[in-house]
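A note on names: the letters A, B, ... follow the listed sequences, proteins ahead of strands, and every chain is numbered from 1. Just so it is clear, the structure is predicted and the values come from calculations on it, not from any experiment.
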Amino acid sequence: MTTEIPKQYDPAAAEARWFPYWESQGCFNADPNPAKPPHVIMIPLPNVTGALHMGHALNGTLQDLLTRWRRMQGYEALWMPGTDHAGIATQSMVEKRMKEEEGLTRNDVGRDALVERIWKWKDAYEQRILSQLKSIGASCDWRRVRFTLDDVCSKAVRQTFFKMFKDGLIYRGKRLVNWDTYLQTAVADDEVYEEETDGHFWTFNYPVVDASADAPQSISFSTTRPETMLGDTAVCVHPTDERYTHLIGKHVRIPVNGRVIPIVADALLADKTLGTGCVKVTPAHDPNDYGCWTRNKEKMGEPINILNPDGTLNENGGPWQGQDRLIAREAVVAEMQRLGHFEKVEDRKIPLKHSDRSKTPVEPYLSEQWFVKMDTLAQAAIDAANDGRVTFYPERYRQSYLSWLGEKRDWCISRQLWWGHRIPIWSREYAKDEFEKAFPEGYRFNPDHEGASWFHGSVSFDGAKYTVRICFDDGHPDVERYYEQAGFVQEEDVLDTWFSSALWPHATLGWPDRQHNPPLRVAGQTTSAPASPSSKNEVLDYFYPGSVLVTSRDIITLWVARMVLTGLYNMGDIPFKHVCIHPKIQDGFGQTMSKTKGNGVDPIELIEKYGCDGMRFTIASFAGETQDVRLPVGYECPHCQAVIPQEPHHLKFKPGKPKIKCPKCKKESQYATPNYVPDEGEPVARIVIERFEYGRNFSNKLWNAARFAMLNLEGYAPAPIADSDLAIEDRWILSRLATVTDEVTTLLGVYKFDAATRSLRDYVWNEFCDWYLEMIKPRLRDEGLKPAAQRVLVMVLDTTLRLLHPFTPFITEELWQRLKEIAPVRGLPNPEAAHDAVITAPWPSGLETWRDSALELRFQRLQELIVAVRNVRGTYNISPAVTVAVSVKCSPEITADLKQVQVQFESLAKASLTEVGPQTVRPTPCANFALGDADCYVPLAGLVDLQAEVDRQKKEAEKIRGFIAGHEKKLNNASFVERAPAEVVAEVRETMTNLQKQLSSIEEVIRELAG
RNA sequence: GGGCGAUUAACUCAGCGGCUAGAGUGCCAUCUUCACACGGUGGAAGUCACUGGUUCGAAUCCAGUAUCGCCCACCA
């Protein structure tokens, strides 16, 4: 052999070698190709907020697996990479760092400077993320990398917003947001955390102003925020609460400001069983109250906002205007007390929402926001899932998608941030006469009026002044400037991140540009949009709609549903046919891995430890339909390499450098978690996840099997092979190969990666290695039989590498290239030149002719016989150096099979098959075993302890009697025989006969031994 | 509070109406035999969470209970 083959697979070397090779050969690139069907996967775009974790590794592995598989199947397989700007998450990350390192807030640096800083952050992290993806072997078309804020995606956002605005789907409305009074900004729901806070629970009453004489003159309620009384617009009771029904429709007076408000009935807000059963309603400062207001608008008038952005009371605060809400709270309580409407107060722990960024309590705050009407858009997306245009795997996830869309809640798309797509609306206020002069009657914002389809506007009138809002289609900077000169100002807010990611499947392909293919990024440079010869966007035409979206279940609503919706709206077609939902990764305690919990694990560390293929193979074996994946984490002691299991306290963040103590060598060391950076030069207990040894060991096994094959290919010469050249083990492994190919192909088609992985492992390890390789050893040593054996071996290895390539790309490519040097021409029955690389080799097919299930069954019997002999060896503790003799009494058919593999007994069981046939006589003394239709004898003169053998046989007989009893019971059950399917009954009868045969031979042996 | 899922060997998981309930790891014994100790061979190990029901037959289907996880809603 030209190159030495090491005994252990070196993953790092293969990874460093083959990824650049594939990339330089353009193997990952996908371009419109009418000769091939497309297969398209859009990556669930990772946020540029930080490094990838295990969840991404799982997600990426599956997509790469599918892409490589489809590519081999002859599809033009595109896996589209990219990243998400992730508005809030990224901006707050950068702001936090700026505050910590320089003490600056965003208001200190201003909008442009902050955005510029975030771009720099994005560039750094995007690079990190993309390189992490490459280390898991991701065969994305790297020329097509997109970012949600790049020009291509921005155009799609502008176009979509404009189209929706023109179609009347976008409107302005009020919405309660979480207001951070310290940073004076709105905070997203997921940036809010709850904390138990000491507070009070007051009970007050409001006097009823129009009560009949015989009714109570006041109504009591409780609150934890008395100052909001200033903004009350109603009090609310349950419609069937008999204590209050007579008061519904009457009015009360708020004592502290004298305002008179109605008593309304609302079953959703009021709960008869809680407190007094009566609630005050402050729609501007409480989400539930706001909901009540929307249901009872006409009864209670507009919500009243009592707060300034800094948390002080505004003009609605009356005498307390300008005071902080918490100070005003005490004052309001005192005033109520003075006026005699205070009833009681108790101490209470109150769960209070806090801003994650400023750590101060947030206030619910009513503000103006932009919305998308979901009605028709959502219905279209619902229809697509109902009629099967979009299919979920596993199917049950369709439900979450449907029930969420079914609510058809309008989508709030504005965010009070600076990092993102700024809302493309310019507005200006006009006094009435001014407006009429500027926009004479008939000249409204009807685009047809000017024949302009790139421009749309709306006018609102609040009774005093007009507000004109204008939206432009993309690409008219001059017009924008013109309107800016005329005093129009662009919205400060940006769009919800999901607005741009919802467009991902078509935006990345260049939509809305229908004339040019989207630009490519080559060698770090973005080319301008190349004109396509047909003046069409062929990339979009060819690759849309996509094939499958691979993601985890938590963004089915936020992302998957919205992609379907915008795809239908913009493209008139669904974005992907299948949605594959894979498990989530949990730590050893069943907690999902996340940055905040500090239990995240960097896949790169695992790749370094177990190899990329080992990581991929293991992770694919997790991806089934039911369970989430639990990964117990450990730390490897740097002194003695013992693995210390992770315990919850290892994850708690404590100041200082915590150490971990090894229970084995008793030494302490620092350890690596996302919460700590170990000191330079210190020995570090690194993170290990022992479950990944599964894949690493498998890689090594494959490596050595191939190594064995290649070491035995001396003198290999390709040639056609005749049926008569095939030994029974050849036919068997070819049949198994055909079966496994079929299984894996079917399983991947329905995204059952775990089952596919198992099937492959079992085949490679338990069949190819344990049996086939062992069985051909004698032939490889025989010059006459060697050539045919080599040809079959090479073909089987070739096919196996192709089957494994989507799962373990690096090792298969490494082996493929080595095999190519030794056996460049191969295949059965007629050899052909091997493909240049396994990545571009075709997926195995056409193996069906080798399939022979009867043979597989016969072979299984031989295996059982061998195992039984080994078993005897084990029982009597026979030295591996000693060859034992075996004789078998069996039917002529089995005799023929056994004769074929006679020579195998030496290597498989260190035994020689001395006599086989119907006439075989049992030697004495000997060990016995009965296999249904064959009695086997191992003469062991001097080795067998007679009594021990009797005991062994008695034990065996007992076991069989137990089974027989079970079967008998079944057969004696009349209704079983009557009602169970005939073949089931027949099967039980057959097993019964076999068991009885076995038992009688054992009983005979026992009699003889005893006698 | 609503929805979804899980509970099977010491651990991590398959099996989802009919074989003696399987695998990997770990454990025990044994083997450094010319592919592999990241290995070979053999072995021990399970009231299939619990309680009922349907069925000739239930780990598997149904109902309830308990525990865990996730999503959504909510907590005057």
When rounded to the nearest Å, what value does the distance between [atom1] atoms of [N] and [M] take?
N: B/rC28; M: B/rU67; atom1: C1'; answer: 33 Å
N: B/rA66; M: B/rC56; atom1: P; answer: 32 Å
N: B/rA58; M: B/rG53; atom1: P; answer: 12 Å
N: B/rG26; M: B/rU65; atom1: P; answer: 41 Å
N: B/rA63; M: B/rG17; atom1: P; answer: 16 Å
N: B/rG24; M: B/rG40; atom1: P; answer: 10 Å
N: B/rG18; M: B/rC61; atom1: P; answer: 11 Å
N: B/rA73; M: B/rC68; atom1: P; answer: 23 Å

Contacts of type salt bridge (charged side-chain N to carboxylate O under 4.0 Å, His left out), residue A/K777, not counting sequence neighbours: A/E774

Main-chain N/O of A/T618 paired to A/R696 side chain as donor or acceptor, under 3.5 Å: no

For [X] and [N], give me the distance from atom [atom1] to atom [atom2], rounded to whole Å.
X: A/R409; N: B/rC72; atom1: CZ; atom2: P; result: 11 Å
X: A/R761; N: B/rC13; atom1: CZ; atom2: C1'; result: 13 Å
X: A/L176; N: B/rA76; atom1: CG; atom2: C1'; result: 15 Å
X: A/I960; N: B/rU20; atom1: CD1; atom2: P; result: 13 Å
X: A/F905; N: B/rU41; atom1: CZ; atom2: P; result: 16 Å
X: A/E395; N: B/rG3; atom1: CD; atom2: C1'; result: 15 Å
X: A/D770; N: B/rG40; atom1: CG; atom2: C1'; result: 8 Å
X: A/D762; N: B/rA23; atom1: CG; atom2: P; result: 10 Å

RNA chain B: 5'-proximal contact among A/R553 and A/F708 (nearest heavy atom): A/F708

Sugar-phosphate, base or nothing in reach of A/H285, heavy atoms under 4.0 Å: nothing

Residues A/D554, A/K584: salt bridge by 4.0 Å N-O rule: yes

Ion pair check, A/E864 and A/R861, cut-off under 4.0 Å: no

Aromatic plane relationship, A/W498 with A/W559 - under 30° parallel, 30 to 60° tilted, over 60° perpendicular: tilted

Closest non-hydrogen atom pair between A/C278 and A/S220, with its separation: CB-O, 3.4 Å

Selection from B/rG69, B/rU20, B/rA35 that lies nearest to any side-chain heavy atom of A/L773: B/rA35

Per-nucleotide pairing state of RNA chain B [Watson-Crick or G-U, under 3.5 Å; [ ] pseudoknot-crossing; | other strand]: (((((((..((((....[...)))).(((((.......))))).....(((((..]....))))))))))))....

Please list, for nucleotides 6-8 of chain B, all pairs of protein and nucleotide N/O atoms separated by less than 3.5 Å.
| unit_1 | atom_1 | unit_2 | atom_2 | d |
| --- | --- | --- | --- | --- |
| B/rA6 | O2' | A/Q627 | OE1 | 3.1 |

